[in-house]
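As structure tokens, the structure follows; a few thoughts come after it.
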Protein chains: 2
Amino acid sequence: MSEAEVRPASRLSDRLETIHALLRQRHDRLDPDRDVHDDDGAALNTIEAELQGRLDELHPADLADLLESLPLEDRLAVWQRVRSDRDGEILLEVSDSVRESLIADMDDREILAAVEPLDAEEIADLVDDLPTEVLPELMASLDAQERERVQAALSYADDQVGSLMDFDMVTIREDIRLEVVLRYLRRFDELPAQTDKLFVVNADHVLTGVLPLHWLLVNSPDRMVHEIMAPDVNTFHPEDDAYDVAQAFERYDLVTAPVVDGHMRLIGRIAVDAMIDLIREEGETEALSRGGLREEEDIFASVWKSVRNRWAWLAINLVTAFIASRVIGLFEHSIEKLVALAALMPIVAGIGGNSGNQTITMIVRAMALEQVGVSQVTRLWRKELAVSLFNGLVWGGAIGVVAWLLYGSVSLGLVMTAAMTLNLLLAAFMGVGIPMLMTRMGRDPALGSSVLITAVTDSGGFFIFLGLATLFLL
Amino acid sequence: MSEAEVRPASRLSDRLETIHALLRQRHDRLDPDRDVHDDDGAALNTIEAELQGRLDELHPADLADLLESLPLEDRLAVWQRVRSDRDGEILLEVSDSVRESLIADMDDREILAAVEPLDAEEIADLVDDLPTEVLPELMASLDAQERERVQAALSYADDQVGSLMDFDMVTIREDIRLEVVLRYLRRFDELPAQTDKLFVVNADHVLTGVLPLHWLLVNSPDRMVHEIMAPDVNTFHPEDDAYDVAQAFERYDLVTAPVVDGHMRLIGRIAVDAMIDLIREEGETEALSRGGLREEEDIFASVWKSVRNRWAWLAINLVTAFIASRVIGLFEHSIEKLVALAALMPIVAGIGGNSGNQTITMIVRAMALEQVGVSQVTRLWRKELAVSLFNGLVWGGAIGVVAWLLYGSVSLGLVMTAAMTLNLLLAAFMGVGIPMLMTRMGRDPALGSSVLITAVTDSGGFFIFLGLATLFLL
């Protein structure tokens with residue numbers, strides 16, 4: 001990709017809008033119900049030519065966005081008009097579900113032509129989504145080194161550095177002058193994208209340092225590499241957790257970093273573009289899973305696909321709602337005698353859920369940033385319980401007064417206040433306790449934390465409120 | 001910051017753990033209730049020296065993390081031991097609430113010493129958190145250009161490029177040979193961090209192109225800058241939305257990009273580190289606001305501060321819960337007659353809320369990525385309503401059967417199924433409609449979307465279920 005291809009973001013939305021308009025015009029002309037005009041053929045040709053021109057000047061990343069924003073029919077119309085040498089890059093950029101719809105439209109020959117030119121780690125990224133019958137031919141078409149790299153990348157999990165590293169590094173020896181380095185670099189047509197430093201290795205390919213490109217520029221060509229290189233660098237291992245590495249990139253403002261094996265032998269490179277994608281995806285996955293979606297959804301996917309993407313969370317929610325419903329069922333006699341309880345109970349459960357979610361969000365976040373550990377549980381409990389006690393007395397008190405005025409019963413108001421306070425205390429206790437316990441058990445504290453706390457505060461809230469009411473009001 | 005200071009992320013947590021342990025040992029020795037030993041003074045000195053050594057070798061970003069993970073007393077103990085020339089960088093890295101606690105511990109002279117060495121855009125970042133009485137002295141201590149830059153940065157909103165750009169760019173003229181450029185660069189001690197390209201300007205400081213550093217290295221020194229530079233680049237304006245620019249960095253794998261005014265005159269630079277911070281913060285803000293927190297919370301903040309951070313969402317939640325409670329109140333007579341309604345109604349409301357949140361999460365996300373616009377509302381409604389109809393019949397049918405078996409009434413089961421289906425349809429209708437309407441009204445569709453949809457599905461669910469029951473069962 002050359003720098004000349006890309007253009008200001010501010011003009012991008014206009015250009016996408018033009019393409020959408022052209023697609024609509026094309027649709028209108030192709031509509032079978034439409035009155036036929038003499039100039040239809042010519043007009044259609046003009047539209048097609050204009051459309052082709054507009055598509056050709058789009059960057060692959062922008063084409064990926066365009067494809068995601070189109071319903072299936074238009075999406076495939078655009079996909080067929082994209083130059084085949086860009087197919088691979090576009091497939092890398094689109095979301096999983098859209099990729100599936102594009103690959104379904106390609107025959108094996110087209111798929112091979114699209115994927116072969118890609119780098120090893122990029123091929124590894126796509127392999128899961130390719131039809132199995134093309135894989136033997138694809139692997140056979142790669143040279144031995146490339147095949148080995150694809151297999152290496154496939155051997156790591158998606159959240160390990162090994163699956164994200166590339167091999168686009170420039171290595172030099174430490175016992176030469178900068179002048180020699182400069183001459184060596186001049187033999188390249190272009191350096192790999194995002195090259196900000198050269199990796200210095202010895203005869204055994206062991207990494208001994210790094211040489212930022214600009215040090216090469218500000219130092220005299222007579223100096224030796226080992227005199228000016230930085231010996232101690234951020235090195236990572238292929239088994240490292242990719243999110244930790246992304247954090248290191250963010251902390252230390254890195255652009256690239258070397259990946260080494262256990263003997264400090266250089267085996268690959270991690271670049272900031274992969275880390276940005278990771279950070280963005282992390283935020284998105286969190287947002288999606290909080291919303292109860294299993295994965296990014298193609299907004300134009302079939303109803304059936306959407307149902308499958310969403311059913312798991314609905315099922316969990318149904319189970320927790322059913323449990324809460326059975327808790328209420330225990331107190332049906334009390335509700336029969338004092339029907340106000342039915343109207344007031346959702347308030348107790350709702351506020352507990354909201355407050356518990358606040359606590360658990362904060363704790364999970366602090367744990368992810370390693371600001372707190374299991375050892376601080378007592379201190380956190382003390383604080384969160386204090387916050388809840390305060391909120392319970394203030395908000396619970398306010399709602400208690402409202403209940404008293406609405407139903408004319410002081411004791412009902414008092415029960416309401418007590419129940420809200422107790423449910424808020426339960427929410428605080430579990431909001432700290434759940435993530436701590438999950439960490440102790442070696443699980444990700446973020447996973448399903450919101451569902452769990454809501455389940456506890458719903459059933460707990462109903463139990464506390466209806467239980468207190470049964471004890472004191474009936 | 002030199003490359004030599006930073007170290008592998010994998011060893012970082014060990015080093016932070018060591019510091020935590022030293023702080024605990026220091027605590028123990030200083031404990032007034034403790035039996036006094038002869039060697040206490042010497043032991044304390046050893047601990048202090050070890051602690052100081054460990055702190056001195058930490059990168060400012062890691063020190064920021066450490067400070068965030070400590071209770072106030074330890075935090076200030078560490079803060080006082082940090083070399084004052086790093087204070088400014090650390091203040092930039094810590095969260096707002098922790099920054100407040102650190103600045104409260106510094107006198108005006110220390111604050112000035114910490115802030116003065118920073119770059120203009122960094123000073124602008126901190127200004128809001130500094131005590132007003134130091135501001136006149138701070139501004140007076142800057143030179144004219146620096147002061148102008150601080151004021152310019154302050155004139156832009158936090159989400160505009162102008163507040164994030166720096167001025168660390170290297171500019172060259174287009175009518176010179178690369179050899180001259182190489183000689184010019186050699187006069188620098190070091191190029192600005194993350195410099196991946198030089199900006200080419202004419203005599204009027206108008207940007208005419210960019211020269212990636214590595215093109216400088218692979219091309220012959222005899223060539224002219226204008227022969228090899230890239231003429232068309234990603235340029236941004238200070239008024240541009242920073243999130244759009246971050247998206248462009250992600251799309252086009254940029255490391256730096258020029259910021260220009262309306263006449264293409266170069267005024268600053270945007271670097272990838274600022275964009276990574278922005279992408280990370282965007283994800284975090286979303287997570288926090290979904291959890292009902294106004295801002296990032298200092299986990300060791302006082303109870304009172306936590307209460308203030310959380311009260312707004314609790315108050316909103318209380319209002320919506322109260323409305324739902326009044327809806328139930330309308331049907332108290334029905335519940336009195338058939339108390340099973342009280343136990344079943346939270347299921348109807350809960351499933352509707354979950355499903356509505358799925359829809360609204362997906363639509364808000366697709367709108368943020370500009371995959372869908374207001375024009376596609378009919379198509380989206382059709383699909384979401386179909387998904388809901390399917391889910392309503394399947395899950396509603398299942399729960400209807402359970403209700404029938406539990407309470408021995410077929411008609412109760414049928415009402416349950418019908419109510420769940422209708423509430424899911426309502427959730428789908430509003431899940432698409434709310435973000436579309438908010439966009440039409442020029443508002444951010446993400447803001448409060450979850451609260452709104454839950455309010456609708458709660459009150460709506462209670463109304464639909466109890467209404468149907470009143471009509472058909474009593």
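Because only heavy atoms are used, hydrogens play no part in the values below, and waters and symmetry mates are left out as well, while side chains stay in. Everything quoted here is computed from the prediction, not taken from an experiment. Chain A is the first sequence line, chain B the second, and so forth, proteins listed ahead of strands; every chain is numbered from 1.
- With a threshold of 4.5 angstrom between heavy atoms, A/Ala386 approaches chain B through its backbone and through its side chain.
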Does the side-chain contact (heavy atoms from CB on, under 4.5 Å) test come out yes or no for A/Arg280 and B/Gln247, once each step is laid out?
CA-CA 10 Å; A/Arg280 166 83 73 183; B/Gln247 231 171 40; 3.7 Å; yes

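- Looking at B/Thr320, neither its backbone nor its side chain comes within 4.5 Å of chain A, counting heavy atoms on both sides.
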Let's go through B/Gln358 and A/Asn309 carefully: what are the C-alpha distance in whole Å and the side-chain angles of both, what is the deciding distance for side-chain contact (heavy atoms from CB on, under 4.5 Å) to 0.1 Å, and is it a yes or a no?
CA-CA 10 Å; B/Gln358 290 183 338; A/Asn309 190 30; over 6 Å; no

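- A parallel orientation is assigned to the rings of A/Trp395 and B/Trp311, their planes being inclined by less than 30° (bins at 30° and 60°).
- Proximity to chain A is absent for every atom of B/Leu341, based on heavy atoms less than 4.5 angstrom apart.
- Distance CG/A/Leu217 to CD/B/Glu190: 12.0 Å, rounded to 0.5 Å.
- Contact tally against chain B (heavy-atom pairs below 4.5 Å) for A/Ile347, A/Val181, A/Ile363: the top residue is A/Ile347.
- Not a single donor-acceptor pair under 3.5 Å links the side chain of A/Gln194 to the backbone N or O of B/Val255.
- The closest side-chain heavy-atom distance from A/Pro221 to B/Arg186 is below 4.5 Å.
- Ranked by heavy-atom pairs under 4.5 Å with chain B, the list A/Ser220, A/Pro71, A/Ala246 is led by A/Pro71.
- Atom OG of B/Ser355 is separated from atom CG of A/Leu314 by 5.5 Å, given to the nearest 0.5 angstrom.
- Interface summary for chain B: among A/Leu330, A/Leu380, A/Thr454, A/Asn219, the most heavy-atom pairs under 4.5 angstrom belong to A/Asn219.
- Residue contact with chain A, scored on non-hydrogen atoms closer than 4.5 Å, involves the side chain of B/Phe462 exclusively.
- Note that the CD1 atom of A/Ile399 and the OG atom of B/Ser325 stand 7.5 Å from one another [nearest 0.5 Å].
- A side-chain N or O of B/Asp62 and one of A/Tyr252 form a donor-acceptor pair less than 3.5 Å apart.
- Within the 4.5 angstrom heavy-atom criterion, no atom of A/Met275 approaches chain B.
- Contact between A/Val218 and B/Asp189 at its shortest, heavy atoms only, is CG2-O, 3.5 Å.
- Put simply, of A/Pro346, A/Ala274, A/Gly329, A/Gly353, the one with the most heavy-atom pairs under 4.5 Å next to chain B is A/Pro346.
- Of the atoms belonging to A/Val348, not a single heavy atom falls under 4.5 Å from chain B.
- For A/Val272, the part lying under 4.5 angstrom from a heavy atom of chain B is the side chain only.
- At a 4.5 Å heavy-atom cutoff, A/Arg382 makes no contact with chain B through either its backbone or its side chain.
- Neither the backbone nor the side chain of B/Arg187 comes within less than 4.5 Å of any heavy atom of chain A.
- Rounding to the nearest 0.5 angstrom, the gap separating the CD atom in B/Gln376 from the CG atom in A/Leu70 is 8.5 Å.
- The most heavy-atom pairs under 4.5 Å with chain B, out of A/Ser302, A/Ala398, A/Ala315, A/Ala271, come from A/Ala315.
- Within the 4.5 Å cutoff, the side chain of A/Glu336 has no heavy atoms near those of the B/Ile335 side chain.
- A distance of 9.0 Å separates OG of B/Ser450 from CG of A/Asn357, quoted to the nearest 0.5 Å.
- Atom CG of A/Leu213 sits about 9.5 Å away from atom CG of B/Leu216, to the nearest 0.5 Å.
- Of the charged side-chain nitrogens involved, at least one lies within less than 4.0 Å of a carboxylate oxygen, so that B/Arg310 and A/Glu384 count as a salt-bridged pair.
- Residues A/Asp65 and B/Arg251 are in side-chain contact: their nearest non-hydrogen atoms beyond the backbone lie under 4.5 Å apart.
- Proximity to chain A is limited to the side chain of B/Phe390, based on heavy atoms less than 4.5 angstrom apart.
- Among B/Val451, B/Leu318, B/Asn317, B/Ile316, the single residue meeting the side chain to side chain contact (heavy atoms under 4.5 Å, CB included) criterion with A/Asn354 is B/Asn317.
- In terms of heavy-atom pairs under 4.5 Å with chain B, the best-connected choice from A/Leu406, A/Leu66, A/Leu344 is A/Leu406.
- Closest non-hydrogen pair, B/Glu332 versus A/Val339, comes out as O-CG2, 3.4 Å.
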Show the numbers, then the answer: is there a side-chain contact (heavy atoms from CB on, under 4.5 Å) between B/Ile328 and A/Met345?
CA-CA 10 Å; B/Ile328 299 170; A/Met345 66 188 186; over 6 Å; no

